[in-house]
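Heavy-atom basis, side chains included; hydrogens, waters and symmetry copies ignored.
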Amino acid sequence: MAGNTITKPSGLSCTPSHAARELGLKRGEFDLAVHLGRIRTAPDEGGGGRRVTRAEIDRLRTADGFPETLLESVKTVGTTDGAALMEVTSARFTRFARLGLVVPVRFYVNRYRAVVWLYLAEELRQFAADKNHTSLLNGRTPEGLRDQLQDGLDLRPRNWRGRHLGFLLRQADGPWERAGALATLLDPVQIAEIVQDPYERAHLNRFRPDPPAHGAPGSPAAHLAERIMTAEDPDEISWLRADLTQVLDEARRHRPAPRPTAELTAPRPTAQPAVPRPTAEPAGSPPTAEPVGPPPILSERPPESAPEPAPEPAPEPERSRGMLGWLRRRNA
């Protein structure tokens, strides 16, 4: 069945919103038709999500009974309408759902924070038309089933998870995508135990599909939907862990998770500041002026005291003229 929902893009293609308008479907009905394999999609080569080829739209539009047949195949009903469709009471229909005899295909959280389960009308009609179910529809519930209901058995969340996982696996294009689909239903603690390499775990998270939107992020409705999305039963958790381990081994052989190279992890040497090289002055340029001011002190040692200058000789007395001067010079 997986080969019926994944095709190679050929020729013209359009976005899911445009395809839904051409097929006369609401966006929720279109998404459900894709999950059920009624509409085949193709991966976008540009990485922009999945698309619908023109050939697929033409195939659906030329089918017998279009569009009523397509609309009827994706019609969903709640508990009240489902019970009326099967001609049973709402209480009996709820018991069927808790026992896993009818499997929900969608759910939403109403304003009273109650989970409303939706079922395919087509499947309910098939269940009611099966002669093997006549005793369940008209007689008393078998004792063994009543005991399970009294013990609190409710398979609706688990059956929805199994069905939703089938939707995700049909759209997976490779082993990493399949591993991401399985990881969607496991608690992060479980994933950390299986995938201990942080680089590999980060790579796996890239392929985890976004969960169905239910309320604003962090709201009570979103928390309730997250609990429904996460496996709780020990045997269910064990089965998912085993499948995830096996698919991860295949994914590693197909394409190992990227991780930093040795060049990126080795410390880089600190770059030393470059010393500018002196440049030659062009010919004809004026000489550079010397800096004005006292010369720099080359040493902190105080300069030695300079020797005292020699006393200047007394000026020679002016020679006197005549005899008196001669006598003075003689007696000197």
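The minimum heavy-atom distance linking F66 with L70 is given by the pair CE1-CD2, 4.1 Å. Heavy-atom minimum distance, F30 versus A20: CB-CB, 3.8 Å.
Relative orientation of the H164 and W160 rings is parallel, given thresholds of 30° and 60° on the angle between their planes.
By the side chain to side chain donor-acceptor pair (under 3.5 Å) test, D154 pairs with R156, sequence neighbours left out. With sequence neighbours excluded, the residues that form a side chain to side chain contact (heavy atoms under 4.5 Å, CB included) with E143 are R146, D147. For F127, the ring-ring contact (aromatic ring centres under 6.0 Å, His included) partners two or more places apart in sequence, or in a different chain, are F96, H133. Every residue two or more places apart in sequence or in another chain that forms a side chain to side chain donor-acceptor pair (under 3.5 Å) with S17 is listed here: R27. Looking at residues two or more places apart in sequence or on another chain, you find a side chain to side chain donor-acceptor pair (under 3.5 Å) between R178 and E250. In this view, D187 satisfies the salt bridge (Lys or Arg N to Asp or Glu O under 4.0 Å) rule with no residue, not counting sequence neighbours.
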Per-pair distances, 0.1 Å, donor-acceptor, side chain in residues 110-120, under 3.5 Å, sequence neighbours excluded:
| residue | atom | partner | partner atom | Å |
| --- | --- | --- | --- | --- |
| N110 | OD1 | Y112 | N | 3.0 |
| N110 | OD1 | R113 | N | 3.2 |
| N110 | OD1 | A114 | N | 2.8 |

Ignoring hydrogens and angles, write down the donor-acceptor pairs under 3.5 Å from the side chains of residues 228-241, residues two or more places apart or on other chains.
| residue | atom | partner | partner atom | Å |
| --- | --- | --- | --- | --- |
| T230 | OG1 | E226 | O | 2.9 |
| D233 | OD2 | R158 | NH1 | 3.3 |
| D235 | OD1 | R158 | NH1 | 3.1 |
| D235 | OD2 | R158 | NH1 | 3.1 |
| D235 | OD2 | R158 | NH2 | 3.2 |
| E236 | OE1 | R161 | NH2 | 2.9 |
| E236 | OE2 | R161 | NE | 2.9 |
| W239 | NE1 | D243 | OD2 | 3.4 |
| R241 | NH1 | Q190 | OE1 | 2.5 |
| R241 | NH1 | E193 | OE1 | 3.1 |

Which donor-acceptor pairs under 3.5 Å do side chains of residues 204-212 form with protein atoms, sequence neighbours excluded?
| residue | atom | partner | partner atom | Å |
| --- | --- | --- | --- | --- |
| N205 | ND2 | R201 | O | 3.3 |
| R208 | NH2 | A183 | O | 3.1 |

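Looking at E87 and L137, their side chains never come closer than 4.5 Å, going by heavy atoms from C-beta outward. Counting heavy atoms from C-beta on, the side chains of P67 and L25 never come closer than 4.5 Å. Contact annotation: the side chain of L71 approaches that of E29 to within less than 4.5 Å [non-hydrogen atoms, C-beta and beyond].
Remark: aromatic rings of W176 and H203 are close, center separation under 6.0 Å.
Judged purely by atom type and a 3.5 angstrom limit, R51 uses its side chain to pair as donor or acceptor with the backbone of S13.
Residues near L168 contribute nothing to a hydrophobic cluster around it, because no ILVMFWY side-chain heavy atom sits closer than 4.5 Å to its side chain.
We find the CZ-CG distance between R98 and L149 to be 5.0 Å, quoted to the nearest 0.5 Å.
Counting non-hydrogen atoms of neighbouring residues, nucleotides and ligands closer than 6.0 angstrom, the CD atom of Q246 reaches no more than 12 such neighbours.
Contacts classified as side chain to side chain donor-acceptor pair (under 3.5 Å) and involving residues 58-80 (residues at least two apart or in different chains) are given here: E56-R59, E72-R125.
For the pair R50 and E177, the salt-bridge criterion is not met [side-chain N within less than 4.0 Å of a carboxylate O].
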